[in-house]
Amino acid sequence: MTSQVPNGTAGSKTSSGGGGITSRDKLLIHAPQPPPPGFLDLLGARFPQLSVRWELARLDPVRSDLASADTLPAEVLDGVTMLSVYPPAKAAAIPDVRFVQLISAGSDRWVGHEKYRDPGVVFCSGSGCHAPQIAEWVMASWLASEHHFDIYKQQQLQGSWSARVADHPVTDSMGRRMAVFGYGSIGRQCAHLGRALGMDVVAYTQRPRPTPASRRLDPGSYAVPGTGDPDGAIPSRWFHGDDAPAALADMLRLGVDLLVLAVPLSDSTRGLVGRREFDLMREVTASANGGGDPSKRRRPPFLCNIARGPVVDSLALVDALRDGSVRGAALDVTDPEPLPADHPLWTAPNVFITPHVSWQSTAIIDRITDLILENLTRLDEGRPLLNQIKK
């Protein structure tokens, strides 16, 4: 599907100075869903000087290259100065681009790209657009594990309740501890839902957040109204530091029931959770269960990764699932991605894997286009942009 709004006629508004939108600008949106009804008309009315083209992107969990804008005809990319795509196009195909609005929350696919390194090209992330649905995915996977939905589903298919309830005890979420590693929009919405279930929440951010003011969501961030933790009031404890593994170890020593990984992929978070961390989880669990009331014994953590696959050492996770260092794991991302058919993670015990789909929602395209419209307006008026990436 291709939708296009042509440039306005002579005499249309032409902004100058401050990076405003001009008649030379061409916006290409390459997205997995059609535009919301009326959106292209709204863009045409708001920015009659802007040429806009919307192309449908094909998403395939096995062939991520099919979603690339490089698959588009050369004439579609020709002259593009503003771009909203995922994943990136080759730099040679977009020589004139000056503004990129990412559809994704993370920018790791662009790191190293010639246009990302260019200080004259402004990048804004899609952070905030994915928080509601990804947080739901996190909590759904946690609750399904704790309530043994997989076991009961298998028994349902067999037509027999073969296991005793006593064999599958359920501990509800009240009073349990969620550790959110990466307290951006997704992490804050996970905390929001966790608190609703009665969980204690602790959080990690790279920069220190010592004051109430510093814990608030950046006013330059996009957020769906009513979501998240805009004031940063939910966590009972905050951890921070450039040494991410050390901060994670401090969190784990508290005793964690649900570990949510929501950090960007970077040099400090690549391989963040590996054999050393799984060994520490096992030690903390063993130490907590050294005595006392057997009914209050601590179970190992449940790991949920909705960040990027390389944040977790996949083979170390397989061993941790097998030896009980973690009680289970939910993974929307893996390393490698997609997983080869013979990878041991497929058959590891107590693991739930989806093909990088936690971002999906019927509302996602409305949120993305809201963000695009807001940032185009700010760009045209010379105001600070939402979610601007500090490259």
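Under the 4.5 Å side-chain criterion, counting only non-hydrogen atoms from C-beta, L379 is in contact with M82. Side-chain atoms of L28 and L72, non-hydrogen and from C-beta on, do get closer than 4.5 Å to each other. T22 is not listed as a side-chain neighbour of Q49, based on a closest heavy-atom distance of 4.5 Å or more. Within the 4.5 Å cutoff, side-chain heavy atoms of P336 are placed close to those of H343. I368 is not listed as a side-chain neighbour of I29, based on a closest heavy-atom distance of 4.5 Å or more. Inter-residue side-chain proximity for W142 and C304 is flagged as unmet; no heavy-atom pair is nearer than 4.5 Å. When side chains are defined from C-beta on, V111 does not count as touching L265, because their heavy atoms never get closer than 4.5 Å. Contact check for F278 versus V273: side-chain heavy atoms found under the 4.5 Å cut-off.
In this structure, V97 is not a member of the same hydrophobic cluster as L376, with clusters built from ILVMFWY side-chain heavy atoms closer than 4.5 Å. The cluster map of Ile, Leu, Val, Met, Phe, Trp and Tyr, joined by side-chain heavy atoms under 4.5 Å apart, puts V256 and V351 in the same cluster. M139 and I134 fall within the same hydrophobic cluster, defined by Ile, Leu, Val, Met, Phe, Trp and Tyr side-chain heavy atoms under 4.5 Å apart, directly or through other members. Under a hydrophobic-cluster definition in which Ile, Leu, Val, Met, Phe, Trp and Tyr are linked whenever side-chain heavy atoms come within less than 4.5 Å, directly or via other members, V312 and L331 are assigned to the same cluster. Residues L339 and L303 are members of one and the same hydrophobic cluster, defined by side-chain heavy-atom contacts under 4.5 angstrom among Ile, Leu, Val, Met, Phe, Trp and Tyr.
Side chains of T377 and R46: a donor-acceptor N/O pair is present below 3.5 angstrom, by distance only. Residues D229 and Y183 bring a donor and an acceptor atom of their side chains to less than 3.5 Å of each other. For the 3.5 Å distance criterion, the side chains of S125 and S107 fail to qualify, holding no donor opposite an acceptor. Side-chain contact check for S314 and D335: no donor-acceptor pair (N or O, by modelled atom type) lies under 3.5 Å.
The pair R253-D250 counts as a salt bridge, with a side-chain nitrogen and a carboxylate oxygen less than 4.0 angstrom apart. Salt-bridge annotation for D118 and R98: absent, with no side-chain N of the basic residue lying under 4.0 Å from a carboxylate O of the acidic one. Of the charged side-chain nitrogens involved, at least one lies within less than 4.0 Å of a carboxylate oxygen, so that D279 and R282 count as a salt-bridged pair.
Of the possible donor and acceptor atoms, none in the side chain of R209 sits under 3.5 Å from a partner among the backbone N and O of W238. The closest donor-acceptor contact from the side chain of T269 to the backbone of S266 lies under 3.5 Å. D380 places a side-chain N or O within 3.5 Å of a backbone atom of I21 that can act as its donor or acceptor partner. Side-chain atoms of N375 come within 3.5 Å of backbone N or O of L386 as a donor-acceptor pair. The backbone N or O of W359 sits less than 3.5 Å from a side-chain atom of Q133, completing a donor-acceptor pair. Between the side chain of R188 and the backbone N or O of A131 there is no donor-acceptor pair closer than 3.5 Å. Judged by distance alone, the side chain of R216 and the main-chain N or O of P230 form no donor-acceptor pair under 3.5 Å. Listed for the E146 side chain is no donor-acceptor partner under 3.5 Å among the backbone atoms of S173. Although no hydrogens or angles enter the test, the distance criterion places a donor-acceptor pair under 3.5 Å between the side chain of K115 and the main chain of P95. Distance alone, capped at 3.5 Å, places no donor-acceptor pair between the S145 side chain and the S141 backbone.
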Please report the C-alpha distance between Y116 and I389 in whole Å, then the side-chain angles of each, then the deciding distance to 0.1 Å, and finally whether the side-chain contact (heavy atoms from CB on, under 4.5 Å) criterion is met. CA-CA 10 Å; Y116 193 81; I389 297 172; 3.3 Å; yes
Evaluate the side-chain contact (heavy atoms from CB on, under 4.5 Å) criterion for residues R299 and D257: first the C-alpha distance (whole Å), next the side-chain angles of each, then the deciding distance (0.1 Å), finally the verdict. CA-CA 7 Å; R299 296 176 63 201; D257 296 290; 5.7 Å; no
Run L43 and L27 through side-chain contact (heavy atoms from CB on, under 4.5 Å) and show every step you take. CA-CA 10 Å; L43 279 183; L27 169 65; 4.2 Å; yes
Can you check salt bridge (Lys or Arg N to Asp or Glu O under 4.0 Å) on R275 and D319, steps first, answer last? CA-CA 9 Å; R275 298 191 185 280; D319 291 341; 2.7 Å; yes
Under the side-chain contact (heavy atoms from CB on, under 4.5 Å) rule, what do F352 and D150 come out as? Steps first, then yes or no, please. CA-CA 10 Å; F352 173 67; D150 57 335; over 6 Å; no
Give the intermediate values and the outcome of side chain to side chain donor-acceptor pair (under 3.5 Å) for residues T81 and D96. CA-CA 5 Å; T81 60; D96 302 318; over 6 Å; no
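Taking the six-membered ring where the residue is Trp, H147 and F149 present tilted rings, their angle falling between 30° and 60°. Taking the six-membered ring where the residue is Trp, Y204 and F181 present parallel rings, their angle staying beneath 30° rather than reaching 60°.
Summarising the geometry of S361 relative to R367, their closest heavy-atom pair is OG-NH1, 4.2 Å, with the distance given to 0.1 Å. Shown here for S185 and G128, the closest heavy-atom pair between the two residues is OG-N, 3.1 Å. Nearest heavy-atom pair, G324 versus P300, reported as atom, atom and distance to 0.1 Å: O-CG, 3.2 Å. In plain terms, the two heavy atoms of D332 and S358 that are nearest each other are OD2-OG, 2.7 Å. The heavy-atom pair separating V284 from L252 by the smallest distance is CG1-O, 3.6 Å. Between A329 and L321, the shortest heavy-atom contact is N-CD2, 4.0 Å.
Taking CD1 from I234 and CD from Q189, the interatomic distance works out to 8.5 Å, rounded to the nearest 0.5 Å. Atoms CG and CG, from L272 and L261 in turn, are 6.5 Å apart once rounded to the nearest 0.5 Å. Here the OG atom belonging to S236 is positioned 6.5 Å from the CZ atom belonging to R177, to the nearest 0.5 angstrom. If you take CG on L83 and CZ on F123, they are separated by 8.0 Å, rounding to the nearest 0.5 Å. Atoms CG and CG, from N387 and L102 in turn, are 9.5 Å apart once rounded to the nearest 0.5 Å. The CZ atom of R298 sits 10.5 Å away from the OG atom of S287 when rounded to the nearest 0.5 Å.
Few gaps surround CZ on R383; more than 12 heavy atoms of other groups in view lie less than 6.0 Å from it. Within a 6.0 Å sphere centred on CZ of R322, other residues, nucleotides and ligands contribute more than 12 heavy atoms.
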